[in-house]
Amino acid sequence: MLRMSSLFLRTLRDDPADAEVASHKLLVRAGYIRRIAAGIYSWLPLGYITYRNIERVIREEMDAAGFQEVHFPAMLPKEPYEESNRWSEYGPELFRLQDRKGADYLLGPTHEEMFTLMVKGEYSSYKDLPLSIYQIQTKYRDEPRPRSGIIRGREFVMKDSYSFDIDDAGLELSYQKHRDAYVKTFKRLGLNYNIVSAMAGAMGGSKSEEFLAPCPTGEDTYVLCEKCGYAANVEAMKTVIDTPTTKEFPALEVLDTPNTPTIDSLVEVLNSQYGGGYTGADTLKNVMLMADDKAIAVLVPGDREVDLKRLQANLSGVTELRIFEEEDFAKNPQLVKGYIGPQDAKKFGIILYADPRIAPGTAWVTGANKKNSHARNVVNGRDFTPDAYVESAEVRAGDACPSCKAPVIIDRAIEIAHIFQLGRKYAEALNLTVLDQNGKSQVVTMGSYGIGVSRAVAAIAEQTHDEIGLSWPVEVAPVKVHIVATGKEDKPFDVAEKIGTELESLDITVLLDDRRDPSAGVKFKDAELIGAPIIIVVGKALEQGNVEIRIRKSGEKSESTVESAVSTVATMLSKLV
RNA sequence: CGGGGCGUAGCGUAGUGGCUAGCGCGCCUGCUUUGGGAGCAGGAGAUCGGGAGUUCGAAUCUCCCCGCCCCGACCA
């Protein structure tokens, strides 16, 4: 039984000055975590118990699914990461260090290489597969900008699993088993989440899905169709295109449009001088970008911005993408800023990408590649031809759901897990093969599956807190019951002690506020801030032989006799999430 | 890396060149109080982020450095 009189804890009355988001403020105020450096935190007793509860739930579900736990060092030699090319690919985000002999080491940002090599060292037959192994490990990433307390740290704990299969069908099965285990895990953790389609990104591989916990302070944006349940990270959202009309358009016509370098100014001139009825959606924006030092053009409807994140996720093989700057225009004098059109892309030698909204057979108003001039009836397929179509325009609430065409909503969320069908990228790089039943060597196919363990503490805090403090789901709460004894007589303290002991004998964890000095108000505030699911107050009601039982989340209060308090609380807990 | 903000006691803060750096919370001692962050009295606690400079005099002005937060870029 934890006791407030001796617990290593100091709650704070004021929000810390360096915290912005609720989980960060409250975890610091309630004495769960303390900052050590940017993105690096220490756990105090209440925080560490909470963290371990989450870890325990995850471990139980992994084990129940038949996955086996292993453990790698956090500090690793350079060589495996050179073989997979990530020693250089990972860039400045990798924490590097040297030993006394000058040999290079790194602090593991993720462990695909090590798992692959471990399996390679032990197994060599298809009979050994499938295999799924996992670890719960501290990861290190020198993030350009750590933020939001424990949500994005430079040191954090991740549960990472890897599956090994002989073929794609096996991978599909292993992937599904992990997905199911994650669903069970997050249900127990009391998190609301959506499973959304995602881009595999830098990890490589094909299919990937994210578990996103909706939360206004989250870093990820995703779309959700409330009608059919389709959900996707905006990067992975597929654009629905109306069936193209086969309509014939008049010939391309160049218009005199002085001083119209922006879409708004162009639409104004079109409507006042060229017939009217135009909106930004009728115009075609030709956005110039530098992709790894190569100039590219991206076509999007004039009323939409290019979503760089989305574009990059969908442009394979591009590591650096940025908007054209003045000096880039200076190097490309044929491009007339504000009046660029796709008609001369071939002539200019620029690769032309188009958002799918710029469908073949559609006609647009766009730049005429001449100052103060635009062109209308510029038809895709007749007047220009994109080299490739790539999802690149910003996604908006109300856009059509790709599976049922209903308008989607857009929401923010914290990424709590990400699962990947990696395929053979790492197995090939590190030469992980087994013999199949014909005695032939086969490259193993892999999946990787991560849960942000320390991040989950913050995600749960974000979703469950209220104005007065934390309010934990039963499975993760540092204690299930917080008993507050009030008054100056010994009796409430004795009764509280007795109830606490009985609860603990039923494996219900207890934090007893046995402090004699602080007033009742102080103890109530602390209990609410700390966030145990049930608060028992032993005080005034004792005159009638009762104690007060409060449910933290609902604020519901009831009284119970001292004798029945323990069973009443046990029943309540079994009904709470 | 670009833009913005900040750094004074454990926490939150006041203090734009001049006396011993002020206040609230927390902490210690005593008394009083005890159902919503009590009261009184006394007390401890500060290299004012660091260094250099300007000045009779610097928390305060200048320069350099360090750290932290936010927005963006970036990010299994």
Side-chain angles (χ1 to χ4, degrees), chain A residues 9-21 24-25 28-29 31 34-40 86 89-94 108-113 139-149 151-154 156 158-162 198-205 208-211 217 219-220 233 235 308-309 312-313 319-323 325 415-420 422 425-426 447-452 455 468-469 484-489 492-493 513 515-529 535 537-543 547-548 550 557:
Chain A
L9 169 74
R10 193 99 304 154
T11 58
L12 303 176
R13 198 176 289 214
D14 300 307
D15 284 334
D18 60 1
E20 198 87 357
V21 303
H24 189 192
K25 286 180 186 169
V28 171
R29 274 189 59 205
R34 291 290 181 259
R35 193 182 61 76
I36 296 298
I40 301 176
R86 286 209 289 197
E89 256 180 23
Y90 231 95
E93 221 178 296
L94 198 59
T110 173
H111 282 74
E112 280 78 6
E113 288 83 352
K139 308 287 186 189
Y140 296 87
R141 295 182 190 175
D142 196 358
E143 294 281 349
R145 184 151 89 86
R147 72 185 90 177
S148 307
I151 292 178
R152 177 172 292 278
R154 294 192 295 168
F156 61 99
M158 175 161 80
K159 187 288 302 175
D160 49 329
S161 309
Y162 303 85
M199 304 296 296
M203 294 299 301
S208 133
E209 289 173 295
E210 290 171 326
F211 287 67
T217 52
E219 299 181 284
D220 286 71
N233 196 301
E235 296 164 19
L308 279 179
K309 249 171 129 167
Q312 176 146 26
T319 54
E320 201 204 331
L321 189 67
R322 60 172 177 82
I323 242 71
E325 287 162 9
E415 180 185 347
I416 48 174
H418 203 158
I419 54 180
F420 297 87
L422 280 181
K425 174 176 173 181
Y426 294 93
S448 85
Y449 317 90
I451 296 179
R455 177 181 282 181
I468 57 176
V484 175
T486 67
K488 54 179 169 181
E489 307 299 328
F493 290 86
D513 197 340
R515 294 174 297 177
R516 295 290 186 132
D517 283 343
S519 66
V522 170
K523 296 182 184 180
F524 294 153
K525 293 284 187 203
D526 274 345
E528 285 149 1
L529 178 61
I535 299 168
V537 181
V538 185
K540 284 241 167 104
L542 215 49
E543 287 167 27
V547 297
E548 187 181 318
R550 302 178 180 177
K557 296 179 185 178

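No experiment lies behind these values; they were computed from the predicted model shown. Per chain, numbering begins at 1; letters A, B, ... match sequence-line order.
Taking only side-chain nitrogens and oxygens, A:Q312 never comes nearer than 4.0 Å to OP1 or OP2 of B:rA73. Look at A:R145 and you'll find a side-chain N or O under 4.0 angstrom from OP1 or OP2 of B:rC71. A:K525 has no side-chain polar atom (N or O) that falls below the 4.0 Å cut-off from OP1 or OP2 of B:rG37.
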side-chain contact (heavy atoms from CB on, under 4.5 Å) for A:T11 and A:R29? Distances and angles first, verdict last. CA-CA 5 Å; A:T11 58; A:R29 274 189 59 205; over 6 Å; no
Atom pairs, N/O to N/O, protein against nucleotides 38-46 of chain B, distance under 3.5 Å?
unit_1, atom_1, unit_2, atom_2, d
B:rA38, OP2, A:S519, OG, 3.0

Please list each protein N or O that sits under 3.5 Å from an N or O in nucleotides 66-68 of chain B, with the distance.
unit_1, atom_1, unit_2, atom_2, d
B:rC68, OP1, A:A38, N, 2.8

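Looking at residues two or more places apart in sequence or on another chain, you find a side chain to side chain contact (heavy atoms under 4.5 Å, CB included) between A:R322 and A:M290, A:E320, A:E325, A:D328. Every residue meeting the side-chain hydrogen bond (donor to acceptor under 3.5 Å, both in side chains) condition with A:E143, not counting sequence neighbours, appears here in chain and number order: A:R152. Legend: residues meeting side chain to side chain contact (heavy atoms under 4.5 Å, CB included) with A:D220, ordered by chain and number and at least two apart, are A:E210, A:L212, A:N233, A:E415.
Sequence order on RNA chain B of the closest nucleotides to A:L308 and A:A520 puts A:A520 first from the 5' end.
A donor and an acceptor atom never sit less than 3.5 Å apart when one is taken from the side chain of A:E528 and the other from the base of B:rG37. A donor-acceptor contact under 3.5 angstrom links the side-chain atoms of A:D526 to the base of B:rG37.
A cation-pi arrangement is present between A:R516 and A:F493, with the terminal nitrogen or guanidinium carbon under 6.0 Å from the aromatic centre and inside a 45° cone about the axis.
For RNA chain B, each stem of at least three Watson-Crick or G-U pairs (distances under 3.5 Å) is given as range with range: B:1-7 with B:66-72, B:10-13 with B:22-25, B:27-31 with B:39-43, B:49-53 with B:61-65.
Look at NZ on A:K25: it is 13 Å from C1' on B:rC70, rounded to the nearest Å.
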